[in-house]
Visitor: 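Please see the structure below; I have some questions.
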Amino acid sequence: MSLHGAYDPDNIFAKILRGEIPSVKVWEDDDVLAFMDVFPQSEGHVLVVSKTSQARNLLEIEPEALTKLTAAVQRTARAVEKALKPEGLSLMQFNGEAGGQTVFHLHFHIIPRWADRQMKGHGHAPMADAEQLQALAARIAAELD
Ligand code: 5GP
């Protein structure tokens with residue numbers, strides 16, 4: 001997938017947004033959804049997507065939707081920090097296949113980091129246990145401002 005082209009309404013995050021496949025939600029409102037990455041690169045890896053935009057990548061998103069999305073990323077990252085007490089946070093966002101993107105609905109990764117824990121590689125993490133993801137999501141949601 002290049003940086004340019006049509007939005008695929010059957011991409012995995014579109015299906016999650018329509019409720020056609022399950023996800024472990026942290027929080028949502030009319031504009032955004034934050035949910036647990038099912039292949040977490042570290043404990044507490046959260047994805048944040050726009051519910052209103054069909055932008056595939058950062059180049060395409062409407063400014064108003066981007067403003068709401070980045071505010072949601074900050075709100076979620078603050079809750080992750082309070083809940084899990086990481087020593088750092090890596091925010092990642094990939095654009096186009098050559099840029100490392102694998103799901104073509106714009107999203108931000110929030111990845112908690114600890115100095116003594118190796119972060120798993122992008123696209124190389126095993127699937128997480130659903131109950132553990134639910135427990136993490138609940139801890140993070142409890143810390144939302
Ligand atoms: P990208 O490579 O596009 O930046 O990131 C896509 C992310 O979506 C990856 O971190 C991957 O683990 C995650 N992912 C892929 N399929 C699913 C899924 O079915 N559910 C959830 N929650 N995450 C997924």
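All ligand and atom numbering here is 1-based and tracks the order in the structure. For the numbers below, each heavy atom of this structure counts, side chains included, while hydrogens, waters and symmetry mates do not.
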Visitor: Among protein heavy atoms, which sits nearest to atom 8 (O) of ligand 1, and what does the distance come to when rounded to 0.1 Å?
Guide: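 Residue, atom and distance for the closest contact: F13 CZ, 3.3 Å.
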
Visitor: What is the nearest protein non-hydrogen atom to atom 16 (N) of ligand 1, stated with its residue, atom name and distance?
Guide: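 Of every protein heavy atom, F39 CE1, 4.0 Å lies nearest to atom 16 (N) of ligand 1.
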
Visitor: Please state which protein non-hydrogen atom is closest to atom 17 (C) of ligand 1 and give its distance, to 0.1 Å?
Guide: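 Here the closest protein heavy atom is V38 CG1, 3.8 Å.
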
Visitor: Can you sort out which atoms of ligand 1 are near G100, meaning under 4.0 Å from one of its heavy atoms?
Guide: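 Every atom of ligand 1 under 4.0 Å from some heavy atom of G100: 2 (O).
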
Visitor: For a side chain to side chain contact (heavy atoms under 4.5 Å, CB included) with F35, tell me which candidate from V49, V26, V24 qualifies.
Guide: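 Only match with F35 under side chain to side chain contact (heavy atoms under 4.5 Å, CB included): V49.
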
Visitor: Under 4.0 Å from any heavy atom of V103, which atoms of ligand 1 are there?
Guide: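 Reading through ligand 1 atom by atom, the close ones are 3 (O), 6 (C).
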
Visitor: Is the number of heavy atoms from other residues, nucleotides or ligands within 6.0 Å of CD (E131) greater than 12?
Guide: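 Open.
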
Visitor: Taking the side chain as C-beta and beyond, is there a heavy-atom pair between L91 and I110 under 4.5 Å?
Guide: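 Yes, close enough: below the 4.5 Å cut-off.
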
Visitor: Nearest protein heavy atom to atom 19 (O) of ligand 1, by residue and atom, and its distance?
Guide: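 For this ligand atom, the closest protein heavy atom is I12 CG1, 3.6 Å.
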
Visitor: Side chain or backbone of H109 under 4.0 Å from ligand 1, or both, or neither, by non-hydrogen atoms?
Guide: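 Just the side chain.
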
Visitor: Would you indicate whether the side-chain heavy atoms of L47 and F13 approach each other to under 4.5 Å?
Guide: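 In short, these two side chains touch, coming nearer than 4.5 Å.
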
Visitor: Once you round to the nearest 0.5 Å, how far does NE2 of H109 lie from CD of Q41?
Guide: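 If I round to the nearest 0.5 Å, the distance is 6.5 Å.
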
Visitor: Quick check on the 6.0 Å ring-centre criterion: do H105 and Y7 meet it?
Guide: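 Close enough - the centres of the two rings lie under 6.0 Å apart.
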
Visitor: Taking 4.0 angstrom as the limit and counting only heavy atoms of H122, give me the atoms of ligand 1 inside it, by number and element.
Guide: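 So the atoms of ligand 1 that pass are 1 (P), 2 (O), 4 (O), 5 (O).
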
Visitor: Can you tell if the side chain of W27 reaches within under 4.5 Å of the side chain of V46, non-hydrogen atoms only?
Guide: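 Not in contact.
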
Visitor: What residue and atom, counting heavy atoms only, is the protein's closest point to atom 10 (O) of ligand 1, and at what distance?
Guide: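 Protein heavy atom at minimum distance: D37 OD2, 2.4 Å.
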
Visitor: For T102, which part has a heavy atom under 4.0 Å from ligand 1: side chain, backbone, both, or neither?
Guide: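 Contact part for T102 vs ligand 1: both backbone and side chain.
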
Visitor: Ligand 1 and H107, any nitrogen or oxygen pair closer than 3.5 angstrom?
Guide: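 Yes: some nitrogen or oxygen of H107 is under 3.5 Å from one in ligand 1.
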
Visitor: Is F35 touching ligand 1 with its side chain, its backbone, both, or neither, if touching means heavy atoms under 4.0 Å apart?
Guide: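 The answer is the side chain.
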
Visitor: With heavy atoms only and a cut-off of under 4.0 Å, state how L47 meets ligand 1: side chain, backbone, both or neither.
Guide: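 For L47, the contact with ligand 1 is made by the side chain alone.
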
Visitor: Could you give me the CA-CA distance, side-chain angles and deciding distance for E64 and K68, then say whether salt bridge (charged side-chain N to carboxylate O under 4.0 Å, His left out) is met?
Guide: CA-CA 7 Å; E64 188 185 342; K68 289 174 175 166; 3.4 Å; yes

Visitor: Can you establish whether the number of heavy atoms outside R75 located under 6.0 Å from its atom CZ is more than 12?
Guide: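 Enclosed.
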
Visitor: So is M36 polar-close to ligand 1, meaning N/O to N/O under 3.5 Å?
Guide: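 Min N/O separation from ligand 1 is below 3.5 Å for M36.
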
